[in-house]
There are 2 protein chains.
Amino acid sequence: MKIAIAGAGAMGSRFGIMLHKAGNDVILIDTWTDHVNAIKKFGLKANFNGEDIVEKIPIFFPEEVQDYKDSIDVVILFTKAMQLESILKSIKPILKKDTKVLCLLNGLGHEDTIEKYIDKKNILLGNTIWTASIIGPGEVKLFGDGELDLQNVHPAGKEVALEIVKILKDAGLNGNYRENVKYSIWRKACLNGAINGICTILDTNIMSFGATKVSSQIITTIINEFAAVAKVENIILDVEEIKKLIISTYDPNKIGSHYPSMHQDLIQNKRLTEIDYINGAVFRKGKKYNIPTPYCQLITELVHAKEEILGAK
Amino acid sequence: MKIAIAGAGAMGSRFGIMLHKAGNDVILIDTWTDHVNAIKKFGLKANFNGEDIVEKIPIFFPEEVQDYKDSIDVVILFTKAMQLESILKSIKPILKKDTKVLCLLNGLGHEDTIEKYIDKKNILLGNTIWTASIIGPGEVKLFGDGELDLQNVHPAGKEVALEIVKILKDAGLNGNYRENVKYSIWRKACLNGAINGICTILDTNIMSFGATKVSSQIITTIINEFAAVAKVENIILDVEEIKKLIISTYDPNKIGSHYPSMHQDLIQNKRLTEIDYINGAVFRKGKKYNIPTPYCQLITELVHAKEEILGAK
């Protein structure tokens, strides 16, 4: 099974390493120059549950990938949302007619982008709770346990979905087939949408936002906007359950003292955010379905304003 | 004419000094300990259009004001919005049945608070473009020109309004009687409501916010929310005119490089803001009139969240 990981950041590296260790033929594709060059030269280094390892995995810049002579059976997408379209364009030449594409990006609406390049029958969507972090170019830290859920977008894709679940299981990645993976994608996006943009704008951690008197009203309004839009797509979000889940994250013994990844991207590293694929996606869908989502809209606008003010790239 | 200035910050000091210089019997009332004590000891110092002057004006803490034996003809309110109610309570003992109260606070809805303490016939509302700044306790800087508009709230108050206009004119304060002073109060609140909260949350100056791609959409939505609520109160705001006025403030040769006063209060000095009397007032009124104002609501909530996060007092 030839597998391409498009987007070899922290999570892409985890999947690449674990699939490669399990004997699959893996290639990586990424745009970060220092990272790609380091892996080309030294292999992909990882502290894998405490053990220092190096996996020699071929890695390509998107513009180089046409040089790869074999064609790919499965592409796993782990890019930043903003890079999805350009990476799909560059890997097009190495895709076969039946190459499967599994999208594990955070956020909403990626299937609309992927469908422009890939037949719907070959698209799978997934959602993972695995974690990973980048130590520096060519080096990642992989700790703890996780799993991922996936499902075919088109009914005809179920058999292949089950095949991929098996490959992921064999690699220790705990893949599960889910009848309604879109629900978990929406639920995760809603969790992120209620917290990440707000903590970024307010320049605060999850716990401090949670402690404010207004936090309950803000997250309730955002969750309700997500739920109203999701309903049109036949996803019924459980507003109370998600609210409880969010409130549980305020606990300093859990992730309360963390700054959301969007805060790390924008405030700490002056990078563009994925807001267009979280609150921004709900606003765009809401507009299409004629459902007002003013909180999602203003949060998206404020994050974009902050990106411009900080000169994020 | 005995005049009490309730709230002797920068602007209250300007009015106190100019009315006192013109021969009126003026007292000041303020809560800032160092400022009040300095004025008690040394008089109110001012750089008044380049000239260093000292005006010996009696000043009181609110809790001391009962000791003032004379009763007051006119009270000019220049407190912070949050202090309005408590200062009205403390000056109550020195008010006569026909003492006039002129409110020059920024923001909306103060007449509702004042009406709880003062007969509507004695209330005047005003709006000023005079400027002033505090140099330190007991010392202000007064430069440039200005004017103020005022009007009685109750039709029966017109005669007194004209009398007060004359006093202000005689003191060089360029008072004008206006048939629709509420219009200029709303217009100024709308200008502040479109910019101040947003620049505070984004921690940016007016110019940098104005340069973002989203600024036009954000200010348009906010102005429209103000206009929809104002309309219920028979104030017809000119959305396009206000939008042009706001865009003109982005000019670095005007006030573009300034941080709005709310930013100075909260981000620079960790003080509570007047957001409840600007966007917050529009949200409360909108709720009462059943008009959705989600941008004003979220801006109010975000500013309050930031106040709590910064421990503002």
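Just so we're on the same page: letters track the sequence lines, and every chain starts at 1.
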K.L.:
Chain B heavy atoms under 4.5 Å from A:Ile198: which part of the residue, side chain, backbone, both or neither?
P.N.:
side chain
K.L.:
Does some side-chain heavy atom of B:Asp203 sit less than 4.5 Å from a side-chain heavy atom of A:Lys306?
P.N.:
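Touching, per the 4.5 Å side-chain cut-off.
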K.L.:
Take a 6.0 Å sphere around NZ of B:Lys188 and say whether it holds more than 12 heavy atoms from other residues, nucleotides or ligands.
P.N.:
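Yes.
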K.L.:
Please classify the contact of A:Glu307 with chain B as side chain, backbone, both or neither, using a heavy-atom distance under 4.5 Å.
P.N.:
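Answer is neither: A:Glu307 stays 4.5 Å or more from chain B.
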K.L.:
For a side chain to side chain contact (heavy atoms under 4.5 Å, CB included) check, start with the C-alpha distance between A:Val214 and B:Thr300, then their side-chain angles and the critical distance, and finish with the verdict.
P.N.:
CA-CA 9 Å; A:Val214 293; B:Thr300 305; over 6 Å; no
K.L.:
Quick check on B:Lys313: does its NZ atom have over 12 non-hydrogen neighbours (other residues, nucleotides or ligands) under 6.0 Å away?
P.N.:
no
K.L.:
For A:Glu308 and B:Lys213, what are the C-alpha separation, side-chain angles and deciding distance, and is it a side chain to side chain contact (heavy atoms under 4.5 Å, CB included)?
P.N.:
CA-CA 8 Å; A:Glu308 281 195 66; B:Lys213 289 189 203 88; 3.3 Å; yes
K.L.:
Mind checking the CD1-CG spacing from A:Ile309 to B:Leu202? Nearest 0.5 Å is all I need.
P.N.:
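Here the interatomic distance stands at 4.5 Å.
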K.L.:
As an exercise, state the distance from CG of B:Leu298 to CD1 of A:Ile299, rounded to the nearest 0.5 Å.
P.N.:
5.5 Å
K.L.:
For B:Lys270, look at atom NZ and say whether over 12 heavy atoms of other residues, nucleotides or ligands are found less than 6.0 Å away.
P.N.:
yes
K.L.:
With a sphere of 6.0 Å drawn around NZ of B:Lys243, does it hold more than 12 non-hydrogen atoms of other residues, nucleotides or ligands?
P.N.:
yes
